[in-house]
Amino acid sequence: MEFPFDINQLFPERISVLDHTLEAGGKFAGRPDLQACCATVIDELGKASARAQQLPAPVTSASKMKSQRHQLYLLKDGESNGGRGVVTGFLKIGYKKLFLLDLQSVHVEAEPLCVLDFYIVESLQRHGYGLELFDFMLQDKNLDPVLMAYDRPSPKLLSFLANHYHLTENVPQVNNFVVFKSFFLNRSGNI
Ligand code: ACO
């Protein structure tokens with residue numbers, strides 16, 4: 001995804017981790033122009049992800065990022081677009097308090113880290129970029145993907161999780177979240 005400004009100036013690292021300040025490591029202090037560019041990138045990514053999932057409205061935007069304690073991992077390709085860089089995709093995560101049905105269909109309260117939005121630019125899907133981003137996040141959080149919950153996962157995400165992490169046996173829920181069997185077997189510390 002190309003932008004009319006220098007992606008490498010905004011996001012020096014291949015993967016940047018953004019929070020409610022919309023800053024990659026506090027680098028935009030005193031630079032409202034850079035903050036505005038970053039907000040544009042997040043808004044465009046959110047819209048593209050919503051289109052890809054046929055959602056009526058984006059679940060990711062700069063204003064939502066500012067008001068919610070979520071983290072957004074942003075992947076770029078710094079070489080493309082004449083060295084100005086392009087954005088390849090993003091992964092948004094956050095903690096959610098959930099009521100889940102366990103293996104005995106008993107309601108339990110949990111607050112797992114959840115995958116909330118995940119998008120790789122169409123032309124670059126199935127090239128391993130999603131895996132690079134997801135693995136980076138797992139290492140950053142030192143987390144097993146079975147301990148996460150997945151908010152309304154698309155068929156592509158379900159295939160991705162089965163393919164890369166052997167997550168196949170989900171436990172039926174009454175909300176939009178998907179959790180897998182081992183979530184309840186390895187629940188110490190995350191519930
Ligand atoms: N059809 C079926 N499975 C797919 C597809 C597809 N078009 N694209 C990716 N996958 C799955 C498959 O398991 C694939 O393996 P395969 O090619 O051997 O079948 C695997 O993902 C490929 O892995 P990566 O290349 O690392 O994944 P990618 O870079 O494509 O990123 C992602 C995966 C983010 C799901 C991407 O396909 C995408 O952006 N899809 C559209 C948006 C979307 O559905 N996002 C998830 C929303 S749900 C949520 O965020 C909670």
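Every value quoted in this text rests on a predicted model; they were computed, and no experiment measured them. Atoms considered below: every heavy atom in the structure, side chains included; atoms not considered: hydrogens, waters and symmetry mates. Whatever order the structure lists them in is the order used to number ligands and atoms, beginning at 1. In this chain, numbering begins with 1 at the start of the sequence shown.
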Considering the heavy atoms of [X], write down every atom of ligand 1 situated less than 4.0 Å from one of them.
X: H127; value: 25 (O)
X: H164; value: 20 (C), 22 (C), 23 (O), 24 (P), 26 (O)
X: D117; value: 50 (O)
X: N163; value: 12 (C), 13 (O), 14 (C), 15 (O), 16 (P), 18 (O), 19 (O)
X: L131; value: 26 (O)
X: R152; value: 48 (S)
X: Y119; value: 39 (O)
X: G128; value: 24 (P), 25 (O), 26 (O)

For this session: Calculate, to the nearest 0.5 Å, the distance between atoms CD and CG belonging to E13 and L74 respectively.
Result: 12.0 Å
For this session: Could you tell me the separation between the CG atom of L147 and the CZ atom of F180, rounded to the nearest 0.5 Å?
Result: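 Taking CG in L147 and CZ in F180, the distance rounds to 12.5 Å.
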Can you find a non-hydrogen atom of [X] under 4.0 Å from ligand 1?
X: S49; answer: no
X: E132; answer: no
X: Y129; answer: yes

For this session: Assess whether atom CD of E79 is packed by more than 12 heavy atoms of other residues, nucleotides or ligands within 6.0 Å.
Result: no
Exercise. Does a sphere of radius 6.0 Å around NZ in K66 hold more than 12 heavy atoms from other residues, nucleotides or ligands, not counting ones at 6.0 Å or beyond?
Worked result: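 Counting other residues, nucleotides and ligands, NZ of K66 stays at 12 neighbours or fewer.
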Exercise. Any nitrogen or oxygen of A52, main chain or side chain, under 3.5 Å from a nitrogen or oxygen of ligand 1?
Worked result: no
Exercise. Does any N/O atom on I120 come nearer than 3.5 Å to any N/O atom on ligand 1?
Worked result: yes
Exercise. Do the side chain of K96 and the main chain of F177 share a donor and acceptor less than 3.5 angstrom apart?
Worked result: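 Side chain of K96 to backbone of F177, a donor-acceptor pair under 3.5 Å: no, none is there.
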Exercise. Is the backbone N or O of L157 less than 3.5 Å from a side-chain atom of S154, with the two atoms forming a donor-acceptor pair by type?
Worked result: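 Side chain of S154 to backbone of L157, a donor-acceptor pair under 3.5 Å: yes, one is there.
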To the nearest 0.1 Å, how far is [atom] from its closest protein heavy atom, and which atom is that?
atom: atom 51 (C) of ligand 1; value: D151 O, 2.9 Å
atom: atom 44 (O) of ligand 1; value: S154 OG, 2.6 Å
atom: atom 9 (C) of ligand 1; value: R126 CG, 3.5 Å
atom: atom 29 (O) of ligand 1; value: G130 N, 2.8 Å
atom: atom 13 (O) of ligand 1; value: S159 OG, 2.6 Å
atom: atom 7 (N) of ligand 1; value: K156 CE, 3.2 Å
atom: atom 49 (C) of ligand 1; value: L157 CD2, 3.5 Å

What I'd like to find out is whether the side chain of [X] reaches to under 4.5 Å of the side chain of [Y], using heavy atoms alone.
X: L18; Y: Q71; result: no
X: F3; Y: C37; result: no
X: I7; Y: R84; result: no

Exercise. Using the ring of each side chain (for Trp, its six-membered ring), is H127 parallel, tilted or perpendicular to Y129, with breaks at 30° and 60°?
Worked result: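 The arrangement is parallel - the two ring planes meet at less than 30°.
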Could you list the donor-acceptor pairs under 3.5 angstrom formed between side-chain atoms of residues 113-121 and any protein atom two or more places apart in sequence or on another chain?
from: D117; atom 1: OD1; to: S49; atom 2: OG; distance (Å): 2.7
from: D117; atom 1: OD1; to: Q53; atom 2: NE2; distance (Å): 3.1
from: D117; atom 1: OD2; to: T60; atom 2: OG1; distance (Å): 2.6
from: Y119; atom 1: OH; to: E122; atom 2: OE1; distance (Å): 2.4

Seminar exercise, completed: Exactly one candidate in L158, N170, L167 meets side-chain contact (heavy atoms from CB on, under 4.5 Å) with P153; the answer is L158
Problem set entry | Nearest option to atom 38 (C) of ligand 1, as decided by whichever heavy atom of Q53, Q54, Q125 sits closest |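 The option holding the nearest heavy atom is Q125.
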For this session: May I ask which of F177, F118, F160 has a heavy atom nearer to atom 45 (N) of ligand 1 than the others do?
Result: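 Of the listed residues, F118 has the closest heavy atom.
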For this session: Any chance you could lay out the side-chain contact (heavy atoms from CB on, under 4.5 Å) test for F5 and T40, step after step, and finish with the verdict?
Result: CA-CA 10 Å; F5 39 79; T40 300; 4.3 Å; yes
